[in-house]
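Below: one structure, written as structure tokens.
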Amino acid sequence: MRRSTVKELFTDREVNTDVLLKGWVRTKRGNKQVAFIAVNDGTIIHSIQVVADTDKFSEELLKNVTTGCSLAVQGKLVESMGKGQKVEILAESIEVLGKSDPEVYPLQKKGHSFEFLREIAHLRFRTNTFGAVFRIRHALAFAIHKYYNDKGFFYLHTPIITASDAEGAGEMFKVTTLNLDNVPKNEEKKVDFTKDFFGRPTNLTVSGQLEGELGALALSSIYTFGPTFRAENSNTPRHVAEFWMIEPEMAFCDITDNMDLAEDFLKYLIDYVMKNCKDDLEFLNNMVDKELLERLQFIVDNDFVRLKYTEGIELLKKSGKKFDFPVEWGLDLQSEHERYLVEEEFKKPVILTDYPRDIKAFYMKQNDDGKTVRAMDVLFPRIGEIIGGSQREEDYDKLVARMREMDIPEEELWWYLDTRKFGTVEHSGFGLGFERLLMFVTGMTNIRDVIPFPRTPNYAEF
RNA sequence: UCCUCAGUAGCUCAGUUGGUUAGAGCGCCGGACUGUUAAUCCGUAGGUCGAAGGUUCAAGUCCUUCCUGGGGAGCCA
């Protein structure tokens with residue numbers, strides 16, 4: 001007999017038919033006459049109840065049915081006699097596929113702290129919360145591809161190992177095959193990278209943007225969706241050393257088009273998840289964050305505020321609020337400032353644009369005022385900056401001048417500059433942190449709980 | 001990296017101004033119960049009090065250093 005998933009049993013299968021179920025036991029209850037076994041196979045948040053008459057099964061067998069073990073159950077799908085579920089399986093045969101010693105199995109029926117579950121990240125998939133989170137993670141990844149595919153964007157695979165060190169998005173992890181116990185040195189007593197695998201220093205990418213621009217300046221619209229790496233010693237609930245980023249890049253597109261896309265994209269994704277992950281979101285709304293669904297709906301229903309950095313500074317100064325950090329034109333906004341604008345002043349997402357050039361990256365398009373660049377940050381309640389992007393500088397001379405001012409080696413980015421030499425066009429793009437979005441969508445408050453295997457300073461278990 | 005709070009049973013925690021043999025709930029195990037829903041009721045087992053030093057007649061409790069975790073900050077996505 002073909003196995004039915006729990007999802008199929010709840011949605012597709014007719015009652016009073018014979019079914020085969022396979023899954024893992026969540027709980028077992030009962031008495032001398034009957035045992036109730038909740039079985040979950042991860043296809044859906046709900047577990048299905050298996051009812052076993054004790055006179056049909058040996059004591060030995062039922063003894064091995066413990067929390068965490070895997071089972072194959074053949075039986076009849078019937079309407080439940082008890083309250084709490086519509087259908088259940090009346091077991092005719094039960095096979096324990098893999099035992100689970102209850103003395104040492106770490107998951108119990110009662111809830112665990114997320115901190116504890118992080119220490120058993122290899123088993124936390126078997127909890128309701130993490131099942132929900134990782135099903136939603138999948139749905140969101142799928143929705144991202146669907147969104148861009150439907151819009152005619154091409155999925156571009158930018159390199160994970162990169163030789164350019166110029167992006168400036170943060171500390172990079174070195175990639176090398178050199179023997180660290182005996183590193184070859186050159187005449188200047190520096191590391192001789194000509195002996196290394198690539199014959200030059202290489203790192204893990206911090207962003208696919210520069211390569212993404214190359215694609216967009218030929219294919220019109222591309223997006224990347226892949227892992228990125230930051231070797232920063234950041235210890236916060238919003239940072240990991242390895243995370244996934246989505247970076248669309250569009251030719252013939254200015255900052256307004258860019259903002260429109262960012263807003264439409266975020267709303268689409270949230271709407272998609274609300275329509276396709278109802279059960280999981282409802283569970284999270286009940287167990288993790290009581291305002292989750294309300295907040296998600298609010299994002300979909302409301303326009304984002306669009307505000308220039310200069311106006312933002314004025315609002316902060318006028319607010320009369322005491323901040324720990326100074327508010328002054330030319331200084332970057334601190335978390336507390338962003339939070340004030342999003343959570344108190346407007347109470348909705350804010351897109352801040354036209355930041356001072358000196359606090360932003362070299363590639364951003366310079367405005368005519370000579371002071372600001374066409375940067376845009378999308379700020380969300382609770383998590384802060386969820387998107388960072390800009391219109392790119394397409395003018396060769398302006399771009400080179402800016403690189404020289406900021407000491408960025410032109411020879412290393414000769415290929416990037418070539419696109420401005422040969423048929424340059426207006427173009428824009430942004431980067432969305434996948435895990436940050438997932439935090440917002442699931443209500444989880446620690447980024448380590450929305451990525452299956454988090455990598456943080458001093459931690460790379462599993 | 002800085003600030004701050006915490007680390008006691010498998011999990012979540014309590015533990016008085018330092019004072020006898022270290023406490024609970026849940027889980028596990030054993031028992032009871034004719035349909036349970038994080039079942040209920042009874043009982044048993046389970047501890048190098050994060051680690052190392054120190055103060056003291058006496059340290060889970062005070063001091064020092066280190067380790068680990070949470071929250072906040074910086075860096076950013």
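Basis for what follows: all heavy atoms, side chains included, without hydrogens, waters or symmetry-related copies. Just so it is clear: chains get the letters A, B, ... in the order the sequence lines come, proteins before strands, and each one is counted from 1. All figures in this text were calculated on a predicted structure; none of them were measured in a lab.
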NA contact type, [X], heavy-atom cut-off 4.0 Å: base, sugar-phosphate, or nothing?
X	answer
F116(A)	sugar-phosphate
P237(A)	sugar-phosphate
V240(A)	base
R26(A)	nothing
N458(A)	sugar-phosphate
P106(A)	nothing

query: So which of R374(A), Q366(A), K365(A), H427(A) actually passes side chain to side chain donor-acceptor pair (under 3.5 Å) with Q391(A)?
result: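 Between Q391(A) and the candidates, side chain to side chain donor-acceptor pair (under 3.5 Å) is satisfied uniquely by R374(A).
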
- request: Check each of R392(A), E393(A), Q209(A), E213(A) against Y363(A) using the side chain to side chain donor-acceptor pair (under 3.5 Å) test, and report the only one that passes.
  value: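 Per the side chain to side chain donor-acceptor pair (under 3.5 Å) rule, the option paired with Y363(A) is Q209(A), out of R392(A), E393(A), Q209(A), E213(A).
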
Phosphate OP1/OP2 of [N]: any [X] side-chain N/O under 4.0 Å:
X	N	value
R29(A)	C33(B)	no
N31(A)	G35(B)	yes
K109(A)	U12(B)	no
S113(A)	C11(B)	no
K32(A)	A32(B)	yes

Nearest-nucleotide pick for [X], side chain only, options being [options]:
X	options	value
E232(A)	C75(B), G35(B), G10(B)	C75(B)
T67(A)	A39(B), G74(B), C28(B)	C28(B)
R238(A)	A73(B), C11(B), G69(B)	A73(B)
R339(A)	G74(B), U12(B), G72(B)	G72(B)
R230(A)	C29(B), C76(B), U37(B)	C76(B)

Watson-Crick or G-U wobble mate for G30(B), both contacts under 3.5 Å: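 Check on G30(B): paired to C42(B), both distances under 3.5 Å.
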
Is a donor-acceptor contact shorter than 3.5 angstrom present between the side chain of [X] and the base of [N]?
X	N	answer
S234(A)	C75(B)	yes
E336(A)	G72(B)	no
Q85(A)	U36(B)	yes
H112(A)	C11(B)	no

query: Are a donor atom and an acceptor atom from the side chains of R126(A) and N40(A) found within less than 3.5 Å of each other?
result: no

query: Which of these, F225(A), F154(A), F153(A), sits in a ring-ring contact (aromatic ring centres under 6.0 Å, His included) with H145(A)?
result: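 Only one option passes, and that is F225(A).
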
query: Should the pair F125(A) and F134(A) be assigned to parallel (<30°), tilted (30 to 60°) or perpendicular (>60°) ring geometry?
result: tilted

